[in-house]
Amino acid sequence: MNEQEKTKFLDLLTFLATAETKVGELYESCSHIWKIDAQLWSEIAREERNHAAAIEKMQQMVSTSPEQFTLAEPFTPIALQTFIHMVNEIIKKVNAGQLTREKIFAIALDIEKSVIETKYNRLVKTDHAEYTQLVEQIVAETLIHKELFSQKLDELKKK
C-alpha cells in the first residue's frame, strides 16, 4: 500500500470507528428507554464500542506496516458520513420517545445488516494475522447481533 492509499484507508478506518461508536451510543440510549431489554442493549452497545477499539488497533497495524496490506475494494467515506448522520437522527428520536420498541428493533436489525457492518473483511487483502482476527471478530459479533435483533423482532410481531 503506497502512502496515498495508506492515508485514504486510515481515514476510512477512522470513519468506521466513529460509525461503530455511534451505533454503540444508539444502543446505549435504547437501554435507558426500554428497560425490559436494557441488558441486551447494553451488552451489544459494549460490543460496538469494542468494535471501535478493534478498528483503532487495526489503524495502528496499517500505519506501522502498510506493506502488509493491499486495498481490495474501494469504499467512499460519504456513505459512512451519511450513515453516522442517520444514526445521530435515530438517537434523537429514541431519546424523544418517538419510536416504538418494535420499530427500534427493526432499525437495529437494518443497521446490523447494512453494507457498512459487513464489508470489513473485503476492504483490504492481508496475511496480517492479528488484523484478520479482529475483522473476523467484528463480523462474527455482527452476525450474532443480527440474529438477536431478528429474534426480538419476531417475538414482538407475534404479540
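These figures come from a predicted structure and were not determined experimentally. Any value given below was found using the heavy atoms of this structure, including those in side chains, with hydrogens, waters and symmetry copies removed. In this chain, residues are counted from 1 in sequence order.
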Salt-bridge present ([X], [Y]; N to O < 4.0 Å):
X	Y	result
Glu155	Lys158	no
Arg46	Glu43	no
Lys8	Glu5	no

Would you call [X] and [Y] a side-chain contact if the rule is heavy atoms closer than 4.5 Å?
X	Y	answer
Ile111	Phe83	yes
Phe149	Asp110	no
Leu143	Lys146	yes
Leu109	Lys152	no
Leu16	Leu123	yes

Quick one: side chains of residues 57-64, donor-acceptor pairs under 3.5 Å with protein atoms, not counting sequence neighbours, listed by atom name and distance.
from, atom 1, to, atom 2, distance (Å)
Gln59, NE2, Leu10, O, 3.2
Gln59, NE2, Thr14, OG1, 2.7
Thr64, OG1, Gln60, O, 2.7

Q. Any idea how His145 and His51 line up, ring-wise: parallel (<30°), tilted (30 to 60°), or perpendicular (>60°)?
A. parallel

Q | Whether His128 and Tyr131 hold their rings parallel, tilted or perpendicular, with breakpoints at 30° and 60° | A | perpendicular

Measure the [atom1]-[atom2] distance between [X] and [Y] for me, rounded to the nearest 0.5 Å.
X	Y	atom1	atom2	value
Ile55	Glu20	CD1	CD	4.5 Å
Asn2	Glu67	CG	CD	12.5 Å
Ile84	Lys22	CD1	NZ	8.5 Å
Asn50	Glu48	CG	CD	9.5 Å
Phe105	Asp154	CZ	CG	11.5 Å
Leu148	Ile44	CG	CD1	5.0 Å

If you count heavy atoms of other groups shown closer than 6.0 angstrom to [atom1] of [X], is the number above 12?
X	atom1	result
Gln4	CD	no
Asp127	CG	no
His32	NE2	yes
Gln98	CD	yes
Gln133	CD	no

(Q) Would Ile36 and Arg101 count as a side-chain contact (heavy atoms from CB on, under 4.5 Å) here? Give the steps. (A) CA-CA 10 Å; Ile36 191 169; Arg101 189 168 164 233; 3.5 Å; yes

(Q) Has Ser31 got a side-chain atom pairing as donor or acceptor with Trp41's backbone, closer than 3.5 angstrom? (A) no

Q) side-chain contact (heavy atoms from CB on, under 4.5 Å) between Leu80 and Thr18: does it pass, once the steps are laid out? A) CA-CA 9 Å; Leu80 286 168; Thr18 300; over 6 Å; no

Q. Can you name the nearest heavy-atom pair linking Ala45 to Tyr27, along with the distance?
A. CB-CB, 3.8 Å

Q | Minimum heavy-atom distance between Ala54 and Ile138, given as atom pair plus value | A | CB-CD1, 4.1 Å

Q | Verdict with reasoning, Glu147 to Ile144, per side-chain contact (heavy atoms from CB on, under 4.5 Å) | A | CA-CA 5 Å; Glu147 185 58 35; Ile144 292 168; 5.7 Å; no

Q: Evaluate side-chain contact (heavy atoms from CB on, under 4.5 Å) for Val135 paired with Val124, printing each intermediate quantity in order.
A: CA-CA 11 Å; Val135 167; Val124 293; over 6 Å; no

Q.
For Glu28, give me all partners under salt bridge (charged side-chain N to carboxylate O under 4.0 Å, His left out), at least two apart in sequence or on another chain.
A. Arg49

